[in-house]
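So that the names make sense, note that chain A is the first sequence line, chain B the second, and so on, each numbered from 1.
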Protein chains: 2
Amino acid sequence: MKRFGKIATVLATCMLVASPALAAEKVRWKLAMSWSSTLTPLAAAAPKLADMVSKMSGGNFEIRVEGAEKHKAALGILDMVKGGQYEMGHSASYYWKGKDISSVFFTTVPFGMTSNEQYAWFYYGDGQTLQDKAFEKFDVLSYPGGNTGVQMGGWFKKEIASVDDLKGLKMRIPGVAGEIFAKLGVAVTNIPPGELYTSLDRGTIDALEWVGPGMDIKMGFHKIAPYYYTGWHEPGAEMHYLINKKAFEQLSPEYQAILTTAIKAVTADQTAMNFDANARAWAQIKAEYPDIKIMSFPPAVLKEMKKANDEVMSDYAAKDPLFKEIWENQKAYMADVREWTRMSDYLYIKTVEALQE
Amino acid sequence: MKRFGKIATVLATCMLVASPALAAEKVRWKLAMSWSSTLTPLAAAAPKLADMVSKMSGGNFEIRVEGAEKHKAALGILDMVKGGQYEMGHSASYYWKGKDISSVFFTTVPFGMTSNEQYAWFYYGDGQTLQDKAFEKFDVLSYPGGNTGVQMGGWFKKEIASVDDLKGLKMRIPGVAGEIFAKLGVAVTNIPPGELYTSLDRGTIDALEWVGPGMDIKMGFHKIAPYYYTGWHEPGAEMHYLINKKAFEQLSPEYQAILTTAIKAVTADQTAMNFDANARAWAQIKAEYPDIKIMSFPPAVLKEMKKANDEVMSDYAAKDPLFKEIWENQKAYMADVREWTRMSDYLYIKTVEALQE
């Protein structure tokens, strides 16, 4: 009895120290990114997430991050996470608009919400609920995963003063924005990233859209195009973390909480990282190329873009009930949240700007 | 030998399951908030933090949150966390500008950064480092803890068309903004929150500043003041989580990571919560009181405010080297980051606004 008593004491102590036993379970996951490992600041986020999860679990829950240079399937993240080759992914949901057109809403849409507005919609409006509804069929969980901020309208070799200036213009711009430009007479082309600089330099194209200063600076477009247009088509592009649903359900409640909390933390961190990177990169570009002009498309051009956008969106909505539901939900939320953006950040900047005149 | 062998086996198993043993340590902390438990959305954040930490630790690390109605020391959070009565606090660092004037920079300053700019400064500029430097002497750790967004300039009974309209105006506005208004001839008064509505209603004061729609709506000022001015004095008021340094150092590395990750996650969550609350509250106020006018102070008035602000800030900087260091750091960072805000969110809203004209 004495012997078992001692073992029992050890066990009891052990259970006290070990509780919850599941939290110490060894978990080894893999995460696939849509971008190559060197494409910072985008590629810096998932390794940070892995580091947070590792530290919180005492090294027991490890996530190995792999870039597109390894898995060679930049646009195949959803399939790989659904299929379980990777338990997680870091990507942008509008990459799979071919599978479900509604997925564009969880990244960004033309004339849509800014990052602040969109986070309010995701976390305190119906955003996450609608996203869950859209992704259910893929057997994955999806969470906001860091915002690029407003994406710039692109680099142009000549000024766009009217809708006529767009007619026949050769431009690289993908997605819904490409559909809109095509409606306005632009010859929209698709060119691999590695050939963009040369194409623009040699006049194969007259303009191109990439991301924003933080990413654009490495591409060197500022050396060959004098006009940098402000954004309208991706006002707050949100990345996403995907998780294989079955893998998530096999985690202990503690690890589930560790993972989703880390995702929320790294998402905010990346949004700040991108904001900082854009500010620094633009300061550098401006210092080295002081003649680059920041331009906004004139109201007459934007009006045509808006009209074309409403047509494109209405067409999708007529065909797809979920698209319609999410679009109407976003529009209703935007009506209120935009009013607040206008009263707060927008009028603050506007009044402070006026001081410099 | 056999007996000890069995115990050794149990112990070995135990260590495998329990590793890291420290992660299962029972920790019971208390957190004091500067606000009462019913003052949502402000008071909703710390309980969310406690819930995240509890879930990630399997209920082993529990934080009991207490509001000001319990500890009766709304402005004494720093002292209580320093002294160890509470391991944590949720407050706003500018409340203790009497102890160190530099603490204002970690909340917000007039004509300073917006929330997006400030998070970039905290996480990717020198913000957190300078904050650590400022708080070292108090033996506490301090982290950003959620942003109210741009605070409104206040509720006014009559329009402010010129600097003359400010002379003799009786207004409740605390802090540096109060010093600035005083320089412009305003009779700045301090009135307890519970008496503000009656004071404004009876004409004891002509104007008052509170927070923004999400908080102001409960105070009812919109029922008695027809002008709601946009903000200039608190463009991105950040709350803070304080941690007693010794208590933090006694935590296991896992719990330290769990706590700081949860703080980052709940900070982003609260910023989104406030954005949403402001948008909804303003929509409600506007629906019920459609005649309320959103006004901005005219450029001539803002110019005088800016001049007075520069005087106040220069005076502090002349007396306090740390204040000077942080102010110069913020100004240098702002020069770049504001340019990006202008190119991105500001010009996006401006071009989209123009479509409605």
Side-chain angles (χ1 to χ4, degrees), chain A residues 3 6-7 10-11 14 17-21 23-24 52 55-56 58 111 114 116 119-120 123-124 149-150 230-232 235 254 257-258 261-262 264-265 268-269 272-273 275-276 278-280 282-283 294 296 299 302-303 306 336-337 339-341 343-349 351-352 354-355, chain B residues 3 6-7 10-11 14 17-21 23-24 52 55-56 58 111 114 116 119-120 123-124 149-150 230-232 235 254 257-258 261-262 264-265 268-269 272-273 275-276 278-280 282-283 294 296 299 302-303 306 336-337 339-341 343-349 351-352 354-355:
Chain A
R3 185 169 139 193
K6 207 162 235 170
I7 293 175
V10 171
L11 269 172
C14 163
V17 178
S19 167
M52 284 177 181
K55 286 206 171 97
M56 288 193 278
F111 301 103
T114 64
N116 288 333
Y119 281 127
Y123 297 146
Y124 286 90
V150 179
T230 65
W232 59 280
E254 291 82 3
I258 280 174
T261 306
K264 203 160 196 175
D269 186 275
M273 187 192 337
F275 210 88
D276 174 82
N278 280 322
R280 287 178 199 266
W282 173 245
I294 298 293
S296 291
L302 280 158
K303 256 184 195 132
K306 181 74 168 61
D336 288 347
V337 83
E339 191 77 8
W340 171 242
T341 298
M343 285 165 68
S344 58
D345 292 79
Y346 177 71
L347 286 177
Y348 171 62
I349 302 292
T351 51
V352 174
L355 287 179
Chain B
R3 184 170 138 192
K6 206 162 234 170
I7 293 175
V10 171
L11 268 172
C14 164
V17 177
S19 169
M52 285 177 180
K55 287 206 171 98
M56 289 194 277
F111 301 104
T114 64
N116 287 333
Y119 281 127
Y123 297 145
Y124 286 91
V150 179
T230 64
W232 58 280
E254 292 82 3
I258 280 175
T261 306
K264 204 160 196 174
D269 186 274
M273 187 192 336
F275 209 88
D276 173 82
N278 281 321
R280 288 177 199 264
W282 173 245
I294 297 293
S296 291
L302 280 157
K303 254 181 199 138
K306 181 75 167 63
D336 288 347
V337 83
E339 191 77 7
W340 170 241
T341 298
M343 285 165 68
S344 58
D345 292 80
Y346 177 71
L347 286 177
Y348 170 62
I349 301 291
T351 51
V352 174
L355 288 179

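- Annotation: maximal heavy-atom pairing with chain B below 4.5 Å, among A/Asp276, A/Val352, A/Leu302, A/Asp345, occurs at A/Asp276.
- Per-residue heavy-atom pair counts under 4.5 Å with chain A were compared for B/Arg280, B/Met343, B/Lys303, B/Met52, and the maximum is reached by B/Met343.
- Rounded to the nearest 0.5 Å, atoms CD (B/Glu339) and CH2 (A/Trp282) are 7.5 Å apart.
- Distance check, rounded to the nearest 0.5 Å: CD1 of B/Ile349 to CD1 of A/Ile349 gives 11.5 Å.
- Considering only heavy-atom pairs separated by less than 4.5 Å from chain B, the leading option among A/Tyr348, A/Phe111, A/Tyr119 is A/Tyr348.
- We find the CZ-OG1 distance between A/Phe275 and B/Thr341 to be 3.5 Å, quoted to the nearest 0.5 Å.
- Among the candidates A/Ala272, A/Gly149, A/Ala268, A/Pro299, the residue making the largest number of heavy-atom pairs closer than 4.5 Å to chain B is A/Ala272.
- Not counting sequence neighbours, A/Tyr124 has no partner by the ring pair (Phe, Tyr, Trp, His ring centres under 6.0 Å) test.
- Most heavy-atom pairs under 4.5 Å with chain A, from the set B/Asp336, B/Thr114, B/Thr230, B/Thr261: that is B/Thr261.
- With sequence neighbours left out, B/Ala257 forms a side-chain contact (heavy atoms from CB on, under 4.5 Å) with A/Lys55, A/Met56.
- Minimum heavy-atom separation, B/Lys264 to A/Ala265: CB-CB, 3.9 Å.
- At a 4.5 Å heavy-atom cutoff, the contact between A/Ile258 and chain B is made by backbone and side-chain atoms alike.
- Both the backbone and the side chain of A/Val337 have a heavy atom closer than 4.5 Å to some heavy atom of chain B.
- Residue A/Tyr123 touches chain B through its side chain alone, counting heavy-atom pairs closer than 4.5 Å.
- Interatomic distance, A/Lys306 NZ to B/Thr351 OG1, rounded to the nearest 0.5 Å: 12.0 Å.
- In this structure, the portion of B/Ile294 lying under 4.5 Å from any heavy atom of chain A is its side chain and not its backbone.
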